[in-house]
Protein chains: 2
Amino acid sequence: MSSVAQPAPDPAILERRAEIVRGLAAIVGERWTIADEDELRAYETDALTAYRQVPLAVALPATTDEVSRILAFLNRAGVKVVGRGAGTSLAGGALPLADSVVVGLSRMNRVLALDTANRTIRVEAGITNLAVSQAVDHLGFFYAPDPSSQLACTIGGNVGMNSGGAHCLKYGVTTNNLLGLTVVLMDGTVIELGGEHLDSPGYDILGLMTGSEGQLGLVTEATLRILPKAEGARPVLFGFNSSEDAGACVAATLARGILPVAIEFMDRPAIRICEEFAHAGYPLDVEAMLIVEVEGSPEEISDQLERIVAVARETGAVHVREARTAAEAAAIWKGRKSAFGAMGRISDYMCMDGTIPTGRLPEVLTRIAAICAGYGLGVANIFHAGDGNLHPLVLYDVNDPEQLAKAEACGADILRLCVEVGGCLTGEHGVGIEKRDLMRAQFDQVDLDQQMALKSVFDPAWLLNPAKVFPLDGRPAPARAA
Amino acid sequence: MSSVAQPAPDPAILERRAEIVRGLAAIVGERWTIADEDELRAYETDALTAYRQVPLAVALPATTDEVSRILAFLNRAGVKVVGRGAGTSLAGGALPLADSVVVGLSRMNRVLALDTANRTIRVEAGITNLAVSQAVDHLGFFYAPDPSSQLACTIGGNVGMNSGGAHCLKYGVTTNNLLGLTVVLMDGTVIELGGEHLDSPGYDILGLMTGSEGQLGLVTEATLRILPKAEGARPVLFGFNSSEDAGACVAATLARGILPVAIEFMDRPAIRICEEFAHAGYPLDVEAMLIVEVEGSPEEISDQLERIVAVARETGAVHVREARTAAEAAAIWKGRKSAFGAMGRISDYMCMDGTIPTGRLPEVLTRIAAICAGYGLGVANIFHAGDGNLHPLVLYDVNDPEQLAKAEACGADILRLCVEVGGCLTGEHGVGIEKRDLMRAQFDQVDLDQQMALKSVFDPAWLLNPAKVFPLDGRPAPARAA
């Protein structure tokens with residue numbers, strides 16, 4: 001178990017477990033209520049596996065109305081709620097509390113409406129990210145945010161964490177591609193935010209809900225903006241003798257007004273591991289590699305690639321390889337997209353998620369290497385360089401408590417560095433449990449009070465995913481549940 | 001004076017006017033404090049000239065620190081504050097109250113930092129929208145949101161209203177192009193939101209502030225995302241024998257996965273008025289016209305235009321004219337951008353700002369014509385069709401109280417129609433005073449209570465631009481000012 005403390009469970013809630021389970025079963029049916037200890041184990045962790053906690057029970061509703069009745073019931077009973085999509089959070093966003101009920105949205109996975117003239121699709125929150133793009137692919141559209149976990153992760157989770165992906169350099173993150181939400185508040189009230197239209201009168205509660213990590217309400221449906229697919233896309237690989245050169249190439253490309261769809265960075269350890277796993281044809285004799293993808297018509301692709309290759313050569317690229325065929329392009333991306341899995345085969349790791357101003361890349365990479373060396377830990381860097389969204393993977397042995405503590409301290413130092421250079425603690429993974437106690441590195445108590453006051457407006461008793469995002473001390477006294 | 005009621009001024013505040021003016025002068029100096037009745041007239045209205053009210057006084061600060069001291073002083077004194085950029089609001093967002101102080105940000109108009117590698121520019125809130133693009137033009141970049149008032153309107157006002165413009169079809173509105181803000185809260189606290197980086201941990205208060213119409217805090221600085229300019233751009237004109245055909249062309253273009261930079265719509269009255277003013281070469285024998293602009297390399301432009309022209313011909317275009325030269329392109333846009341001014345020369349008008357799902361365009365245009373005919377009023381339609389963002393100009397005589405009342409009722413009917421078909425009350429102009437009492441057409445009391453609770457978190461005494469956005473009845477009792 002990790003060092004970020006969990007609050008002690010409320011014994012009065014634990015005692016009323018049987019009654020709570022009966023209440024849930026009365027709403028969703030016994031088949032969709034999980035109370036058996038073994039079955040509950042499937043919900044004890046998410047992709048941040050260093051943290052584990054079996055919940056009180058799990059409910060798997062099929063409709064917004066069922067979600068509303070579950071929350072109204074649990075609100076009356078004063079029981080905490082943790083929402084869950086596919087459980088792919090790398091920040092422990094879906095980690096249960098011992099006295100909480102997990103509400104899993106995985107059964108709510110339908111496409112509800114599709115309107116290409118308005119470029120919108122209406123889906124239930126439990127649909128996977130990739131299924132959205134698949135549903136509109138034959139019409140020539142796609143849904144832009146593409147987390148590495150897109151095969152599994154759900155739209156509801158994407159909204160909760162404001163997820164990004166390799167292609168958000170050009171297309172933005174979830175909040176830039178979201179038009180409307182149906183949300184159930186903790187008292188069971190169902191609210192509609194936004195709609196099928198651009199903008200809305202009044203305050204932007206839609207935006208506020210996005211990235212709020214399941215703390216303000218549970219998202220049950222979403223209206224997403226779909227975009228026309230480009231005619232074609234092609235990646236090019238660049239190898240450099242130093243991370244500094246690669247960082248300079250990123251900065252110079254963007255400064256010249258070239259905006260690729262994606263600029264992905266890998267350092268030497270990452271290149272080696274991915275190449276062994278995916279046989280993508282990555283160069284093994286370089287210190288850093290960039291995958292730059294451009295899209296458009298064949299002429300536009302050629303024109304952009306020519307300019308990008310010129311910038312790369314000026315900034316010291318020693319290896320240049322354009323994908324000549326669809327198979328080569330797929331291999332290049334397969335290596336990148338399988339990076340986290342490939343890394344997991346050879347070592348446990350903590351995937352950090354800081355963001356920095358792009359111009360500071362070379363300096364920050366050098367300092368990350370020094371920080372990790374100071375703890376005696378290995379590090380591999382694989383990240384969205386165009387956005388300045390870093391993903392240093394700090395390597396350690398999860399079964400060695402001393403190494404775990406070192407990895408956590410090392411990760412915290414890296415994120416403090418991101419804040420110090422004008423960046424922030426998270427790019428797309430959220431705060432969750434992982435960075436909860438680091439929030440003070442970014443915000444003072446005035447800032448935190450302001451944010452927590454907003455939570456109290458939506459969830460006065462602090463029952464929704466309460467142990468996350470904000471440090472446990474310095475919180476407002478929760479109101480009594482209604 | 002119009003029919004939307006203003007709250008009665010507080011006589012105790014009016015009595016203390018001299019003392020309040022002295023307090024302001026002690027902060028910004030006498031030169032930048034306006035208390036003379038004649039000079040105050042310059043601040044009595046904005047672009048919604050049907051509403052006029054001279055404020056108690058005006059303060060023109062030069063720094064964030066001065067804004068902070070002004071708000072802290074007025075908060076202690078319990079005096080209401082209306083923030084003002086250039087006063088170009090079409091919704092009366094900058095309309096003063098008799099017992100309010102206007103805080104004008106026009107002196108704060110500097111560029112503070114520019115970082116092309118990070119694609120960001122840091123500016124003071126009083127800089128004009130166009131000055132931002134001009135500051136980065138020589139580097140090959142631009143700032144995407146482009147309201148028609150971009151020569152005059154300020155970035156602070158753009159943030160307050162979440163402004164858009166003709167090109168937001170491709171590039172989004174203000175909230176999609178904003179990375180960070182410095183905001184002064186009513187008690188004088190200065191907060192930093194976002195930064196130079198993508199995303200932020202915690203809740204999206206940056207997004208919440210955007211479009212909050214100066215009711216949560218006063219924006220003094222902003223970090224904006226700048227974008228590389230396309231290699232070139234070219235508009236094409238299409239004429240149609242009916243608005244239905246033009247609407248069908250918009251829907252079909254988007255449904256085929258073509259995403260132009262802009263799709264602007266004009267109906268017959270609008271075409272005639274703009275052509276007389278700008279001599280843009282618009283066809284005078286059609287019922288509706290579209291300006292569709294595409295951008296990219298010459299090949300990409302040609303390719304896109306070919307596909308769009310094919311769609312237009314299929315949907316009944318009877319007039320097709322591609323701009324062949326830069327001069328022709330400029331003339332086409334000059335006609336569109338001068339539309340509101342040209343209209344103002346021949347008639348007073350109310351510019352409505354509803355948004356609808358794009359697919360409902362033909363039906364809604366037919367019903368708008370019927371609504372206006374029912375009131376015996378003329379209407380001209382000029383709007384961002386690709387976004388479904390309508391701008392019907394309801395024509396009336398501002399000096400005829402009966403016509404004013406009819407125009408207001410007619411405008412309200414049009415906006416209710418937008419809500420009825422699944423759209424909303426505003427696209428980019430905000431609610432302001434104009435649509436305040438129409439908010440109940442979109443939101444029930446539960447929704448409004450939720451939004452107003454957020455205002456109370458930031459501004460417990462409801463001193464910031466309080467007479468706007470929310471109907472005067474059904475508000476929470478304000479806390480006493482600290």
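This is a predicted model, so every value here is computed, not measured.
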**OP:** Answer with side chain, backbone, both or neither: which region of Val431(A) has an atom nearer than 4.5 Å to a non-hydrogen atom of chain B?
**Re:** side chain

Subject >> Top of Asp115(A), Ile191(A), Ile205(A) for chain B proximity - count of heavy-atom pairs under 4.5 angstrom >> reply: Ile205(A)

**OP:** Would you tell me whether Ser297(B) and Glu300(A) have side-chain atoms, one donor and one acceptor, within less than 3.5 Å of each other?
**Re:** no

**OP:** Enter the distance from Phe383(A):CZ to Leu390(A):CG here, rounded to the nearest 0.5 Å.
**Re:** 5.0 Å

**OP:** Select one option (side chain, backbone, both, neither) describing which atoms of Ser456(A) are under 4.5 Å from chain B's heavy atoms.
**Re:** neither

Original post:
Under 4.0 Å between a Lys/Arg side-chain N and an Asp/Glu carboxylate O for Lys229(B) and Glu295(B)?
Top reply: no

Original post:
Heavy-atom distance under 4.5 Å to chain A: side chain of Thr189(B), backbone, both or neither?
Top reply: side chain

Subject >> Lys435(A), part contacting chain B, at a heavy-atom distance under 4.5 Å >> reply: neither

**OP:** Just give me the residue among Cys418(B), Gly180(B), Ser212(B), Gly164(B) that pairs up with chain A most often, heavy atom to heavy atom, under 4.5 Å.
**Re:** Ser212(B)

Original post:
Does the separation of the ring centres of Phe470(A) and Phe443(A) fall below 6.0 angstrom?
Top reply: no

**OP:** Under 4.5 Å heavy-atom distance to chain B, tell me which part of Glu299(A) shows up: side chain, backbone, both or neither.
**Re:** side chain

**OP:** May I ask you to decide if the ring planes of His391(A) and His384(A) are parallel, tilted or perpendicular, using 30° and 60° as cut-offs?
**Re:** perpendicular

Original post:
What residue in Gly257(B), Ala255(B), Pro298(B) has the most heavy-atom pairs under 4.5 Å with chain A?
Top reply: Ala255(B)

Original post:
By a 4.5 Å heavy-atom criterion (distance strictly below it), what part of Leu185(A) contacts chain B: side chain, backbone, both, or neither?
Top reply: side chain

**OP:** Below 4.5 Å from any heavy atom of chain B, which atoms of Leu227(A) appear? Answer side chain, backbone, both or neither.
**Re:** side chain

Original post:
Do the side chains of Leu169(A) and Pro260(A) get nearer than 4.5 Å, heavy atoms only?
Top reply: yes

Original post:
Given a strict heavy-atom distance threshold of 4.5 Å, which part of Leu114(A) is in contact with chain B: side chain, backbone, both, or neither?
Top reply: neither

Subject >> Distance (rounded to the nearest 0.5 Å) between Asp387(A) CG and Asn118(B) CG >> reply: 10.0 Å

Subject >> Interchain contact, Leu415(B) with chain A, by part (heavy-atom threshold 4.5 Å) >> reply: neither

**OP:** Identify which part of Val250(B) has an atom lying under 4.5 Å from any heavy atom of chain A, answering side chain, backbone, both or neither.
**Re:** neither

Original post:
Where on Tyr203(B) is there a heavy atom nearer than 4.5 Å to chain A: the side chain, the backbone, both, or neither?
Top reply: both

Subject >> Heavy-atom contact with chain B under 4.5 Å, split by part of Glu231(A) >> reply: side chain

Subject >> Contact origin within Leu216(A) toward chain B - heavy atom pairs under 4.5 Å >> reply: side chain

Original post:
Which value, rounded to the nearest 0.5 Å, describes the distance between Arg122(A) atom CZ and Leu179(A) atom CG?
Top reply: 10.0 Å

Original post:
In terms of heavy-atom pairs under 4.5 Å, which option from Arg256(B), Gln450(B), Met209(B), Lys468(B) contacts chain A the most?
Top reply: Gln450(B)

Subject >> Residue pair Ser163(B) / Glu428(B), side-chain donor-acceptor N/O under 3.5 Å >> reply: no

**OP:** Would you tell me whether Asp353(B) and Thr426(B) have side-chain atoms, one donor and one acceptor, within less than 3.5 Å of each other?
**Re:** yes

Original post:
Do Asp204(A) and Asn162(B) have a side chain donor and acceptor closer than 3.5 Å?
Top reply: no

